[in-house]
Amino acid sequence: MAKATFVVPALRQYPQVPAVTPGTMAHSAPFVAKPEFQAPLGFPGELADDWQAQAIAKMGELLGKYRSLRVYMDSCVKCGACTDKCHYFLGTKDPKNMPVGRQDLMRGVYRRYFTLAGRIAPKLVGATDFTKEVLDDWYSYFHQCSQCRRCSVFCPYGIDTAEISMAAREIMDSIGVGQKYCNEIIGKVYTIGNNLGLPGPALRDTLEGLEEDVYDETGVKVRYPIDQVGADILLVTPSADFFAEPHVDGLIGYGKVFHEAGVSWTLSSYASEAANFGMFIGSYENMRRISLRIREEAIRLKVKRIIFGECGHAWRVAYSFLNTLAGPWDFLDSRYPVPQHICEFTYDLIQQGKLTFDKTQNDDKILTYHDSCNVARGSRMGDQPGGQFDIPRAIIKAVCNQFYDMDEDTIRKRTFCCGGGGGLLTDDLMELRVKGAQPRVEALNNVMQEKGVTHMAAICAICKSQFTKVLPYYGMEMDQIVSLHQLVSNAIVLTPREDDEDDEDDDDSQALDDDDSESVDEAA
Amino acid sequence: MSFLTGLYAFAFYFAALVLVAGLTWKVVQYARTPAPLKIPTTPAPITNSGVVLRMTREVVLFESLFRGNKWTWIFSWIFHFGLFLVTLRHLRYFMDPVPTPIAFIQPFGIYAGFAMVLGLAGLWARRFLVDRVRYISSPSDHLILGLLVLIGCSGILMSFVVHTDIVSVKAFFLGLYSFDLQPLPADPLLLLHLFLVAGLMIIFPFSKLLHAPGLFFSPTRNQVDNPRERRHLAPWAARLEQR
Ligand code: HEM
Ligand code: SF4
Ligand code: SF4
């Protein structure tokens with residue numbers, strides 16, 4: 001078990017709602033961004049003397065730009081339906097981690113400066129001046145929200161605390177109080193192209209390595225192309241896929257699926273990141289700037305389709321926002337949705353009977369599936385509502401013999417966040433991450449006990465990293481979390497190379513026929 | 001014309017003005033504020049008619065609240081349904097002749113008052129008994145409940161115990177339409193009831209009672225899930241593209 005300087009919550013057979021215990025997480029706050037990480041995003045470096053006036057002005061601006069914020073500030077009736085729904089409250093007992101408790105940090109300020117009642121009788125309606133203490137509370141607790149939207153499922157008005165956290169972070173950024181983790185990462189996307197700061201040559205190296213590994217293991221030449229002009233499909237995937245376990249096993253899986261589909265595809269070193277942390281900080285401008293890199297690459301590489309790899313919030317931004325931020329996509333092949341999820345692609349092939357699996361390859365595992373919050377509650381797959389739940393499960397069942405779902409209250413639209421989403425996947429928030437994972441891990445533990453489940457599949461880079469780190473705190477193994485396409489990769493029966501070659505007739509693959517893959521990649 | 005009649009006439013003109021103007025202002029404000037991104041809580045309907053259905057379930061059945069908390073849902077639904085019937089029943093004091101549907105619900109409407117107060121009592125009890133709900137309640141949350149309970153109780157008392165001269169009350173309200181002030185009976189219970197109702201009308205646009213119009217404008221509930229098929233662009237976001 002990993003060592004902890006705090007008490008790791010217990011896992012019980014039946015979930016319990018904790019008694020309200022104020023202040024348990026008041027000390028939790030991520031590192032503040034230094035000026036050098038603020039500037040590239042267009043934010044001031046530090047707090048100015050008139051920060052309060054600036055913040056209130058910014059709030060007024062956002063109230064005029066976002067209907068969600070405007071309506072949600074007014075509408076809450078304090079019914080309490082959301083109070084026991086947030087994994088951070090359940091794991092920390094801190095009432096400011098109840099969704100409405102979190103919202104009220106902003107609502108108090110809203111009422112004070114933007115409503116008649118709050119101006120006349122602040123005490124009566126819970127309005128507060130925007131003091132430094134309140135700002136500190138904002139910084140602390142708006143960085144204890146993973147923007148998972150679970151609360152919005154249960155609120156009678158659909159009040160989405162994620163919208164409020166995003167607005168709060170944007171207001172704080174605008175007065176120079178940014179979060180280091182998110183803002184540094186966004187800077188890396190602008191300068192290097194991805195969150196992990198992996199430059200093009202490193203990516204090419206990694207992909208060549210993958211080609212060799214897969215060839216050694218299977219005897220089949222599966223390609224992992226990058227920056228290939230004229231490919232049909234641009235694959236945009238989280239940069240963790242290039243780098244870490246279990247993510248990279250997923251990437252191997254995507255390549256095998258493309259190989260079997262006989263389509264030409266490519267990654268891009270310029271748009272080498274599916275994640276879009278612009279959403280976490282609530283910045284439309286930064287989210288748009290990151291998204292436009294994908295558009296530029298789609299044009300430059302002359303692709304016909306865009307497919308996203310396994311990443312939760314990336315898929316939300318891609319599915320729900322990409323058309324808005326970087327569309328219209330009329331230059332792409334209109335027969336396919338833009339963008340598509342890799343699971344949609346794989347699922348279609350399974351439906352058409354184009355993939356062959358040897359399910360016994362996964363017989364060493366008994367699987368369950370973690371619905372990532374952003375996929376579950378902020379996006380869709382396929383053409384029916386709920387496809388985001390059914391399609392990944394259908395794929396798992398197609399490639400594995402043994403699958404059990406976790407408790408119904410903890411999956412699908414009620415899924416619990418992994419505890420590391422929303423820009424909180426940083427070591428300075430370890431206590432929060434461990435405690436916030438409690439509801440999910442508890443449900444996992446229960447299917448492990450009852451059904452003998454050994455592994456949990458996920459389609460989100462943040463979930464995978466978070467569980468890898470957090471499961472050991474609960475006495476579990478880090479490799480119990482697997483990529484969904486890792487399971488596909490294990491089971492897929494690859495067609496030997498000759499067939500592959502017949503399908504392709506462009507020059508690049510001619511070069512490949514001559515077994516000259518290295519020079520192709522270098523030329524690309 | 002007595003001083004009381006004049007005072008109450010003024011109070012109701014004022015309250016009606018504040019209610020109508022305040023709500024109009026809020027609704028226009030909500031409608032004018034763009035929703036720049038597609039944020040329906042998914043799974044969400046993929047057609048307009050699906051959204052109408054989802055919204056209807058929310059408004060009529062409180063679907064999300066049902067998912068969230070069964071006790072709150074029960075009390076809340078009893079209260080609101082009671083309030084709805086009571087409001088319909090009261091329309092008879094504001095129209096002449098009384099339309100048949102309104103006349104028809106009269107017997108139910110009378111008892112709906114009890115339902116309303118019962119629901120409110122349950123909701124209020126939660127504010128004391130459940131530690132989480134206690135934590136989030138501010139004085140105004142208690143006051144609004146108190147206000148509604150008082151309105152309900154004074155109304156029930158007039159229906160069942162200390163009757164007032166309801167014919168004169170109706171004449172008073174009908175008179176207000178044509179600025180022809182008719183005397184209002186000076187029963188203390190009636191005066192209290194009407195005073196609180198005028199108060200409710202006045203605070204409506206400035207309080208959490210805005211949840212009623214708010215629900216219809218909630219993007220997580222009223223948006224169609226079709227972002228890949230249709231490009232959604234707010235005016236201020238479109239201006240970014242011109243740069
Ligand atoms: C479209 C119409 C309306 C809908 C859909 C609606 C829905 C709801 C819901 C779902 C709740 C939360 C549960 C609860 O705490 O009771 C609530 C609370 C409340 N509603 Fe409404 N409502 C509507 C109209 C009204 C009106 C016209 C009034 C009053 C004049 C009102 C007064 C209240 C009050 C006072 C509460 C808070 C109860 C508490 O303190 O727990 N509602 N409403
Ligand atoms: S969005 Fe998720 S993390 Fe944030 S308050 Fe709601 S339930 Fe909690
Ligand atoms: S469920 Fe919605 S209305 Fe009820 S307390 Fe939470 S945010 Fe407020």
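Chain letters run A, B, ... following the sequence lines, proteins first, then strands; residues in each count from 1. Every value quoted in this text rests on a predicted model; they were computed, and no experiment measured them. Every heavy atom of this structure was used, including side-chain atoms; hydrogens, water molecules and symmetry mates were not.
- Among A:Val17, A:Asp84, A:Leu69, the residue making the largest number of heavy-atom pairs under 4.5 Å with chain B is A:Asp84.
- Chain B forms more heavy-atom pairs under 4.5 Å with one residue of A:Val153, A:Thr115, A:Asp383 than with any other, namely A:Val153.
- At a 4.5 Å heavy-atom cutoff, the contact between A:Arg414 and chain B is made by side-chain atoms alone.
- Within the model, atoms CD of A:Gln388 and OG1 of B:Thr42 stand 4.5 Å from one another, a figure rounded to the nearest 0.5 Å.
- Side-chain contact between A:Phe321 and B:Ile39 is present, with heavy atoms from C-beta onward closer than 4.5 Å.
- Between chain A and the residues B:Leu240, B:Leu233, B:Asp141, the most heavy-atom pairs under 4.5 angstrom are made by B:Leu240.
- A:Tyr72 has its side chain within reach of B:Ser218: a pair of non-hydrogen atoms, C-beta onward, lies under 4.5 Å apart.
- Counting only distance, with no hydrogens or angles, the side chain of B:Arg127 and the backbone of A:Lys78 share a donor-acceptor pair below 3.5 Å.
- Around NZ of B:Lys70, the count of heavy atoms belonging to other residues, nucleotides or ligands within 6.0 Å exceeds 12.
- Interface remark: A:Lys65 contributes backbone and side-chain atoms alike to the contact with chain B (heavy atom separation under 4.5 Å).
- In this structure, OG on B:Ser140 lies 5.5 Å from CZ on A:Arg111, to the nearest 0.5 angstrom.
- Put simply, of A:Gly118, A:Pro328, A:Gly101, the one with the most heavy-atom pairs under 4.5 Å next to chain B is A:Pro328.
- Heavy-atom neighbours of B:Phe206 CZ from other residues, nucleotides or ligands within 6.0 Å: above the threshold of 12.
- Atom-to-atom distance recorded for B:Lys38:NZ and A:Leu322:CG is 15.0 Å, nearest 0.5 angstrom.
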Full working for side chain to side chain contact (heavy atoms under 4.5 Å, CB included) between A:Lys413 and B:Arg67: CA-CA 11 Å; A:Lys413 71 180 166 205; B:Arg67 240 182 254 135; 3.7 Å; yes
Check step by step if salt bridge (Lys or Arg N to Asp or Glu O under 4.0 Å) holds for A:Glu344 and B:Arg228. CA-CA 14 Å; A:Glu344 295 181 306; B:Arg228 291 194 288 195; 2.9 Å; yes
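- Within a 6.0 Å radius of CH2 in B:Trp124, more than 12 heavy atoms belonging to other residues, nucleotides or ligands are found.
- A donor-acceptor pair under 3.5 Å is formed between the side chain of A:Arg67 and the backbone N or O of B:Tyr30.
- The residue among B:Arg132, B:Lys208, B:His142, B:Glu58 with the most heavy atom pairs within less than 4.5 Å of chain A is B:Arg132.
- Between B:Ser64 and A:Pro156 the shortest heavy-atom distance is CB-CA, 4.0 Å.
- Ranking A:Pro22, A:Ala117, A:Cys79 against chain B, the residue ahead of the rest is A:Cys79, based on heavy-atom pairs under 4.5 Å.
- With chain A as partner, the option from B:Leu123, B:Leu37, B:Leu143, B:Val130 having the largest number of non-hydrogen pairs under 4.5 angstrom is B:Leu37.
- For the atom pair OG1 of A:Thr324 and CZ of B:Arg231, the computed distance is 6.5 Å after rounding to the nearest 0.5 Å.
- In terms of non-hydrogen atom pairs under 4.5 Å with chain B, the most contact-rich of A:Ala81, A:Ser320, A:Gly80 is A:Ser320.
- Atom OH of A:Tyr113 is surrounded by more than 12 heavy atoms from other residues, nucleotides or ligands within 6.0 Å.
- Within the model, atoms CZ of B:Phe62 and OH of A:Tyr157 stand 7.0 Å from one another, a figure rounded to the nearest 0.5 Å.
- Contact of A:Tyr66 with chain B is made through backbone and side chain together, with heavy-atom distances under 4.5 Å.
- Nearest heavy atom pair, residue B:Pro34 against residue A:Gly64, reads CD-O, 3.4 Å.
- Only the side chain of B:Gln29 comes within less than 4.5 Å of a heavy atom in chain A; its backbone stays farther off.
- Only the backbone of A:Ala376 comes within contact range of chain B, with heavy atoms under 4.5 Å apart.
- Proximity to chain B involves both the backbone and the side chain of A:Val20, based on heavy atoms less than 4.5 angstrom apart.
- Side-chain N/O atoms of A:Asp104 and B:Tyr135 include no donor and acceptor closer than 3.5 Å.
- Contact tally against chain A (heavy-atom pairs below 4.5 Å) for B:Ser137, B:Gly214, B:Pro36: the top residue is B:Pro36.
- For B:Thr72, the part sitting under 4.5 Å from any heavy atom of chain A is the side chain, from C-beta outward, and nothing else.
- Neither the backbone nor the side chain of A:Met279 comes within less than 4.5 Å of any heavy atom of chain B.
- Of the inter-residue distances, the one linking B:Thr33 atom OG1 with A:Leu62 atom CG reads 12.0 Å to the nearest 0.5 angstrom.
- Within a 6.0 Å sphere centred on CG of A:Asp330, heavy atoms belonging to other residues, nucleotides or ligands number more than 12.
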Go through the steps to decide whether A:Phe154 and B:Trp73 satisfy the test ring-ring contact (aromatic ring centres under 6.0 Å, His included), and finish with yes or no. CA-CA 11 Å; A:Phe154 302 96; B:Trp73 177 81; over 10 Å; no
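- For chain B, the option among A:Thr83, A:Val71, A:Leu124 with the highest count of heavy-atom pairs below 4.5 Å is A:Leu124.
- Contacts of B:Ala234 with chain A are absent, with no heavy-atom separation under 4.5 Å from either backbone or side chain.
- By number of non-hydrogen pairs under 4.5 angstrom with chain A, the leading residue of B:Leu210, B:Asn226, B:Ile203 is B:Leu210.
- More than 12 heavy atoms of other residues, nucleotides or ligands shown are found within 6.0 angstrom of OH on B:Tyr13.
- Counting only N and O atoms by type, the side chains of B:Thr220 and A:Ser152 include no donor and acceptor under 3.5 Å apart.
- Here B:Asp131 is the residue among B:Leu215, B:Asn222, B:Asp131 with the most heavy-atom pairs under 4.5 Å with chain A.
- Side-chain N or O atoms of A:Ser75 include none that pairs as donor or acceptor with a backbone N or O of B:His211 at under 3.5 Å.
- Heavy atoms of B:Pro40 lying under 4.5 Å from chain A belong exclusively to its backbone.
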